[in-house]
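Below, chain A is the first sequence line, B the second, and so on; all start at residue 1. Note that these values count all heavy atoms, side chains included, but never hydrogens, waters or copies made by symmetry. Since the structure is predicted, the reported quantities are computational estimates derived from the model, not experimental observations.
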2 protein chains.
Amino acid sequence: MPNDDSATPVVWGTIDSMPSLKPISGVTMWPATGTNMMINFVRIEPGAEVPLHHHPHEQGGTVIEGTILMTIDGETREMRAGDVYIAPPHAVHGATAGPEGCLVVDIFSPPREDYRIPSR
Amino acid sequence: MPNDDSATPVVWGTIDSMPSLKPISGVTMWPATGTNMMINFVRIEPGAEVPLHHHPHEQGGTVIEGTILMTIDGETREMRAGDVYIAPPHAVHGATAGPEGCLVVDIFSPPREDYRIPSR
């Protein structure tokens, strides 16, 4: 039974060929965008920082490679593969990559329009 | 500035200590649930299969370890770390783990009530 909603195609992506953004020094992002969710690969260079910020989108994430110090609502935890977080809308959060850098996945719901790449 | 919505606490989880489900033989899940999203670690034993199915939730995912053959709307692709998919609501999809098994992350928006673990 094929999907009958032609407005929402299947998304298939691979980090090696997806368009990227560099919104912050030492931070590269490869976002994939659906209807309710954006799945964003984020590579952070060793010691680079995503400053504390907040937004109305719920944000969750996990770690693929390396470690990250994640701060949400004033609490900081070191995360690695097998760890997960979900930060509620408007929660103040930020992150600093560990000494080897990291590749993490951030999920936004709804998608962040400011990270949407026009070509997809 | 603390998050002022006490109904949606920050979620922190680690696969080693999260409650799990085994909905299908060879498939173990560790779901973390927010408001708009569920982030679900899924370990699939070598060659084990998630049969074709569909649901009204949008589903996305990526791979942490190993490989998975993912089928969405009749198209099958081999996925590994660095790959991502987003399947629209109602898309028919299923998966088979590669020869070494896999650990993947599935994201559902909205969360799947049938995977929600009452204790969290």
Side-chain angles (χ1 to χ4, degrees), chain A residues 1-18 30-41 43 52 54 57-65 70 72-75 77 79-93 103 105 107-111, chain B residues 1-18 30-41 43 52 54 57-65 70 72-75 77 79-93 103 105 107-111:
Chain A
M1 176 167 39
N3 169 48
D4 57 5
D5 183 355
S6 61
T8 56
V10 177
V11 174
W12 298 99
T14 187
I15 197 170
D16 293 331
S17 62
M18 293 164 73
W30 294 263
T33 308
T35 301
N36 297 335
M37 69 178 73
M38 171 176 278
I39 302 177
N40 194 22
F41 289 117
R43 188 175 290 285
L52 289 173
H54 59 94
H57 317 74
E58 188 174 46
Q59 178 178 331
T62 189
V63 178
I64 298 177
E65 297 171 2
M70 188 79 200
I72 308 172
D73 271 355
E75 181 176 357
R77 297 198 187 194
M79 297 183 63
R80 59 191 65 242
D83 294 338
V84 62
Y85 73 89
I86 301 177
H90 307 291
V92 176
H93 59 284
L103 176 63
V105 179
I107 301 119
F108 300 105
S109 182
Chain B
M1 176 168 38
N3 169 49
D4 58 4
D5 183 354
S6 60
T8 56
V10 177
V11 174
W12 299 99
T14 187
I15 197 170
D16 292 332
S17 61
M18 293 164 72
W30 294 263
T33 309
T35 301
N36 297 333
M37 68 178 73
M38 172 176 277
I39 302 177
N40 194 21
F41 289 117
R43 187 174 290 285
L52 290 173
H54 60 92
H57 318 73
E58 187 174 46
Q59 179 177 330
T62 189
V63 177
I64 298 178
E65 296 172 2
M70 188 79 201
I72 308 173
D73 272 354
E75 180 175 357
R77 298 197 186 193
M79 297 184 64
R80 60 190 65 241
D83 294 338
V84 63
Y85 73 87
I86 301 178
H90 306 292
V92 176
H93 59 285
L103 177 63
V105 178
I107 300 121
F108 301 104
S109 182

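With chain A as partner, the option from B:I15, B:V63, B:V84, B:I107 having the largest number of non-hydrogen pairs under 4.5 angstrom is B:V84. When each of B:I72, B:I64, B:L103 is checked for heavy-atom pairs under 4.5 Å with chain A, B:I72 comes out on top. With chain B as partner, the option from A:F41, A:W30, A:W12, A:Y85 having the largest number of non-hydrogen pairs under 4.5 angstrom is A:W12.
The CZ atom of A:R77 sits 9.5 Å away from the OG1 atom of B:T14 when rounded to the nearest 0.5 Å. Taking CD1 of A:I39 as the reference point, atom OG1 of B:T62 lies at 7.5 Å (rounded to 0.5 Å).
Applying the ring pair (Phe, Tyr, Trp, His ring centres under 6.0 Å) criterion to A:F108, with sequence neighbours excluded, gives A:H55, A:Y115.
Residue A:E65 does not touch chain B at all, counting heavy-atom pairs closer than 4.5 Å. Residue contact with chain A, scored on non-hydrogen atoms closer than 4.5 Å, involves the backbone and the side chain of B:M70 alike. For A:M18, the part sitting under 4.5 Å from any heavy atom of chain B is the side chain, from C-beta outward, and nothing else.
Considering all non-hydrogen atoms of both residues, B:P88 and A:V10 come closest at CD-CG2, 3.8 Å.
By the 4.5 Å heavy-atom criterion applied to side chains, A:V105 and B:V105 are not counted as neighbours.
A distance-only check finds a donor-acceptor pair linking the side chain of B:N36 to the backbone of A:S109 [under 3.5 Å]. Side-chain atoms of A:E58 do not come within 3.5 Å of backbone N or O of B:G34 as any donor-acceptor pair.
Applying the salt bridge (charged side-chain N to carboxylate O under 4.0 Å, His left out) test to pairs two or more places apart or on separate chains, those with a residue in residues 80-90 of chain B are B:E78-B:R80.
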